[in-house]
Amino acid sequence: MEATGKRYFSSNPPGTTEKLQTKHVLIAGAGGLGSNVAIALARAGIGSMTVVDYDKVEPSNLNRQQFFRDQIGMMKVDALRMNLARINPDLKIKTVCEKIVPGNCDVIISASAEIIFECFDNAEAKAMLASFCLLKRAKIPLVTVSGLAGLGSCDSIKVRKGLRNSWIVGDGKAEMNPENGTISSRVAFAAALQAHTGIRILLGLENGKVK
Amino acid sequence: MKIILNGKSRKVGVKTLEELMTQLKFDLERTLVSVNGNVIDRKKFSESVLSDGDKVEAFSFVGGG
């Protein structure tokens with residue numbers, strides 16, 4: 001990054017920016033979690049990220065996802081790229097507009113990522129990706145989320161160590177369904193906790209192996 | 001035989017991991033499972049034979065994101 005870019009991160013905790021600028025992260029899913037995680041990491045000064053999503057921005061996304069009304073109909077990865085570029089033009093962004101399925105994990109989930117954020121909404125997809133990462137990308141830290149729907153207290157959303165090199169954020173219970181719904185504040189809280197856990201892992205502040 | 005599921009000992013009358021998960025009403029497609037610390041691929045639940053004293057960790061995801 002050019003020297004002039006540094007002033008944008010001058011409020012980061014000392015010693016943080018230099019480390020984060022060298023890191024490459026992978027964000028699987030660009031919805032309520034992924035769009036918020038990406039923005040938090042862009043603001044923190046992460047060097048490069050790959051964002052994977054196959055969906056378009058819909059009106060019902062805008063209560064919690066970091067897109068704008070004039071982006072409705074755009075692919076989420078394209079809209080997010082625009083928004084991230086406004087926050088940090090120096091961030092290197094690679095977008096992959098594909099649905100992650102068991103057959104393409106090996107190609108899409110790059111072994112060169114230094115951390116993987118599981119930001120899917122579907123429970124089966126979460127389990128599938130976590131299983132793939134723990135089996136085939138065992139050295140790369142994985143931060144997953146389970147349980148962020150409804151109006152429960154943010155206090156019930158915790159970070160805990162999962163199997164091997166993984167972490168789980170969430171209340172573990174509140175599933176997204178029509179009765180629970182999802183609200184901006186609680187989704188953003190979970191995403192912030194996910195991004196923050198990732199930042200701590202990248203800085204070597206969390207227990208567990210770091211690549 | 002006895003297995004230890006999520007830290008708690010329990011008697012079970014099953015042979016495979018798939019039978020255990022089904023009997024305990026886990027949603028197989030949403031659950032991440034390890035046996036003695038080894039993550040088991042979902043496709044291998046039915047061929048994963050359990051032994052007395054095995055430590056099984058099962059974590060089921062809920063949707064939302």
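Every chain is numbered from 1, with letters handed out A, B, ... down the list of sequences.
Both the backbone and the side chain of B:E29 come within contact range of chain A, each with at least one heavy atom under 4.5 Å from a heavy atom of that chain. In this structure, the portions of A:A130 lying under 4.5 Å from any heavy atom of chain B include both its backbone and its side chain. Using a 4.5 Å cut-off between heavy atoms, B:N38 contacts chain A through both its backbone and its side chain.
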Apply side-chain contact (heavy atoms from CB on, under 4.5 Å) to A:E124 and B:D27, showing your working.
CA-CA 9 Å; A:E124 288 80 5; B:D27 183 326; 4.3 Å; yes
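Summarising the local packing, NE2 of A:H24 is surrounded by more than 12 heavy atoms from other residues, nucleotides or ligands at distances under 6.0 Å. More than 12 heavy-atom neighbours from other residues, nucleotides or ligands sit within 6.0 angstrom of CZ on A:R81. Residue A:R200 qualifies as enclosed at atom CZ: its count of foreign heavy atoms under 6.0 Å is above 12.
Counting heavy-atom pairs closer than 4.5 Å to chain B, the top-ranked of the candidates A:L135, A:N180, A:N36 is A:L135.
Nearest heavy-atom pair, A:S131 versus B:I40, reported as atom, atom and distance to 0.1 Å: OG-O, 4.5 Å. The two residues A:L148 and B:G64 come nearest to each other via the heavy atoms CD1-C, 3.8 Å. Taking each heavy atom of A:S146 and B:F61 in turn, the nearest pair found is OG-CA, 3.5 Å. Between A:L163 and B:V39, the shortest heavy-atom distance links the atoms CD1-CG2, 4.2 Å.
Here the side chains of A:R160 and B:F59 are in contact, with some heavy-atom distance below 4.5 Å.
By a heavy-atom distance cut of under 4.5 Å, A:G172, A:K173, A:A174, A:E175, A:M176 are the residues of residues 170-178 of chain A near chain B, going up by number.
The CG atom of B:D41 sits 7.0 Å away from atom NZ of A:K136, with the distance rounded to the nearest 0.5 Å. Taken to the nearest 0.5 Å, the CZ atom of B:R30 stands 11.0 Å off from the NZ atom of A:K126.
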